[in-house]
Amino acid sequence: MNEFNPARIELARQYRGWTKKELAERCGMTPTYIGKLIADPTARLTESSIEKIAYATSLPLSFFMLHATDMDRKHLAFRRKKKITKNLDNRICAEFEILADTISRVRAMSDVPDETASWLDEVAPTSAPQAQGVRRVAADTRAILGLPPTGAVSNVIRSAERKGVVIAPLTVDVSDAVSDGVTYPGKTLIGYFPESKPGDRLRFTIAHELGHLVLHRYRRPKDVSLMEREANEFAGEFLLPEPDARAVLSSSMMLEDYRYVKSGWGISIAATVRRAFDLGVIDGNKYKSLYVRMAQRHWTKHEPVEVRAEHPILFAQMLGRAFGGLDGTGHSIVPRSGLEGFLGIPFELANDWCDNGLTERTESWRI
């Protein structure tokens, strides 16, 4: 049947993290046949074959009827470490691609315009900024998000969501093979890997990825390490603006003193020490000394002072509006059949992306 899209088979395979041979075995097909289906965009797919693939991958039949996405994976921004495998890289890219495509469909269904492009255009640089320029962009972003020029950000995720940035936890288990988040500068979307990370680390991750969305919307440094440094500089300024940092940090501070900064600003001790160094509040020797003391106390893995974890709500609300299941409290109640039929993703996956913010509606539903 020509209504099925062969390209979605390869996307499903990568999302599940299987080789073509593994997919073939799970479907009861030959690797040659699977390879032919994936390689030939004009292949005539039988409903029987697609049903087997859908069953094996636990994806709705409608997943294989959707059009191909327009995402160029080379533009995805996430820091890969040496230990990452090609399989894991593909899984991350595939899940983010499916998520971005789903959000585009939900926006269209819920008649919610993507207004983020207009404000991003206001602050996104078109040429390479120096460190001070990055800090200025971060300050401008705070202003556009409705935050005062100084003071702690009470909720980083909510601040970004109010301006239309969709933030969602990804389901793939990355351990420590990649950085904590992923973005695509052409999309107003931030994905992150929760994996029981502390609240201060999550806040910095979201601010860092927001930096990528703004700083690298129209430019992309060839040096990946420079991209990451710019995003880190943005996150530091966004969470602890320079006037505040100079007021609360000093060269005489001991490691214990940084605990109080963390409790008031929701930024990790490690990030605050780095902030002090970047601003010239402490010199290189003091910076190294503080990190040695952190390692001695095992703070490099488990810092003292708990910062509560933040949770996204925008995507769940968008789904509620799209399927008419948003109650008076803003809680989203959506039908499994409608969600899976129109979006081509399992209800459980959508719920994971919504940080378990969905409730399944069991009665009959129609659009």
Side-chain angles (χ1 to χ4, degrees), residues 1-16 45-71 94-116 157 161 164-172 187-191 194 311-367:
M1 291 187 177
N2 290 327
E3 60 188 294
F4 296 114
N5 181 2
R8 303 290 288 189
I9 301 175
E10 174 66 357
L11 184 60
R13 179 190 72 81
Q14 293 183 347
Y15 167 65
R16 288 304 179 194
L45 305 178
T46 66
E47 187 167 359
S48 174
S49 295
I50 288 296
E51 284 179 343
K52 291 179 181 178
I53 296 172
Y55 181 82
T57 57
S58 297
L59 292 169
L61 200 64
S62 56
F63 174 90
F64 301 93
M65 301 171 69
L66 300 176
H67 297 299
T69 67
D70 60 352
M71 182 172 290
E95 181 174 356
F96 191 87
E97 188 172 332
I98 296 169
L99 171 61
D101 184 57
T102 300
I103 289 171
S104 296
R105 297 178 191 281
V106 173
R107 285 193 189 278
M109 291 176 63
S110 57
D111 295 323
V112 177
D114 185 357
E115 300 177 348
T116 48
I157 287 180
E161 286 186 324
V165 179
V166 178
I167 299 171
L170 301 177
T171 63
V172 59
K187 306 286 185 181
T188 52
L189 165 64
I190 293 174
H311 300 276
I313 61 173
L314 177 58
F315 189 34
Q317 291 178 342
M318 289 171 61
L319 285 170
R321 284 193 290 267
F323 292 96
L326 198 63
D327 64 20
T329 65
H331 191 73
S332 299
I333 307 172
V334 300
R336 176 184 292 269
S337 59
L339 186 149
E340 295 185 348
F342 281 89
L343 300 180
I345 58 171
F347 177 90
E348 290 75 16
L349 178 58
N351 193 35
D352 285 337
W353 286 341
C354 293
D355 202 18
N356 297 311
L358 299 181
T359 297
E360 181 182 351
R361 184 192 300 171
T362 55
E363 67 267 24
S364 59
W365 175 89
R366 63 186 181 186
I367 193 167

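The figures that follow rest on heavy atoms only: side chains count, while hydrogens, waters and symmetry mates do not.
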Do [X] and [Y] make a side-chain contact, defined as non-hydrogen atoms from C-beta onward lying under 4.5 Å apart?
X: Phe315; Y: Leu189; value: no
X: Glu51; Y: Leu61; value: yes
X: Thr57; Y: Phe63; value: no
X: Ile50; Y: Ile9; value: yes

> Would Val166 and Arg107 satisfy side chain to side chain contact (heavy atoms under 4.5 Å, CB included), going step by step from the backbone distance to the final call?
Replying inline: CA-CA 11 Å; Val166 178; Arg107 285 193 189 278; 3.5 Å; yes
Heavy-atom closest pair, residues [X] and [Y]:
X: Glu95; Y: Leu349; result: OE2-CD1, 4.3 Å
X: Ile167; Y: Pro312; result: O-CB, 3.2 Å
X: Ala350; Y: Ile345; result: CB-CD1, 3.8 Å
X: Val334; Y: Leu319; result: CG1-O, 3.7 Å

Taking side chain to side chain contact (heavy atoms under 4.5 Å, CB included) as the test, write out the residues that go with [X], two or more places apart.
X: Thr359; result: His331, Ile333
X: Ile313; result: Arg158, Glu161, Gln317
X: Ala94; result: Leu11, Gln14, Tyr15, Arg73
X: Ala56; result: Arg26, Cys27

Could you give the distance from [atom1] ([X]) to [atom2] ([Y]), rounded to the nearest 0.5 Å?
X: Asp101; Y: Lys187; atom1: CG; atom2: NZ; value: 7.5 Å
X: Ile157; Y: Ile190; atom1: CD1; atom2: CD1; value: 8.5 Å
X: Phe64; Y: Ile53; atom1: CZ; atom2: CD1; value: 6.0 Å
X: Leu59; Y: Ile98; atom1: CG; atom2: CD1; value: 6.5 Å

> Which pairs count as salt bridge (charged side-chain N to carboxylate O under 4.0 Å, His left out) when at least one residue sits in residues 339-360, sequence neighbours excluded?
Replying inline: Arg336-Glu340, Arg336-Glu348, Arg336-Glu360
Residue list, side chain to side chain donor-acceptor pair (under 3.5 Å) with [X], at least two apart or on another chain:
X: Arg8; value: none
X: Ser62; value: none
X: Ser49; value: Tyr33, Thr46

>> Could you go through Leu339 and Leu358, starting from their C-alpha distance and side-chain angles, then the distance that decides it, and tell me whether this counts as side chain to side chain contact (heavy atoms under 4.5 Å, CB included)?
In response: CA-CA 11 Å; Leu339 186 149; Leu358 299 181; 4.3 Å; yes
> If only atom types and distance count, is the side chain of Arg105 paired as donor or acceptor with the main-chain N or O of Leu343 below 3.5 Å?
Replying inline: no
>> Using 30° and 60° as the class boundaries, would you call the ring planes of Phe323 and Phe342 parallel, tilted or perpendicular?
In response: perpendicular
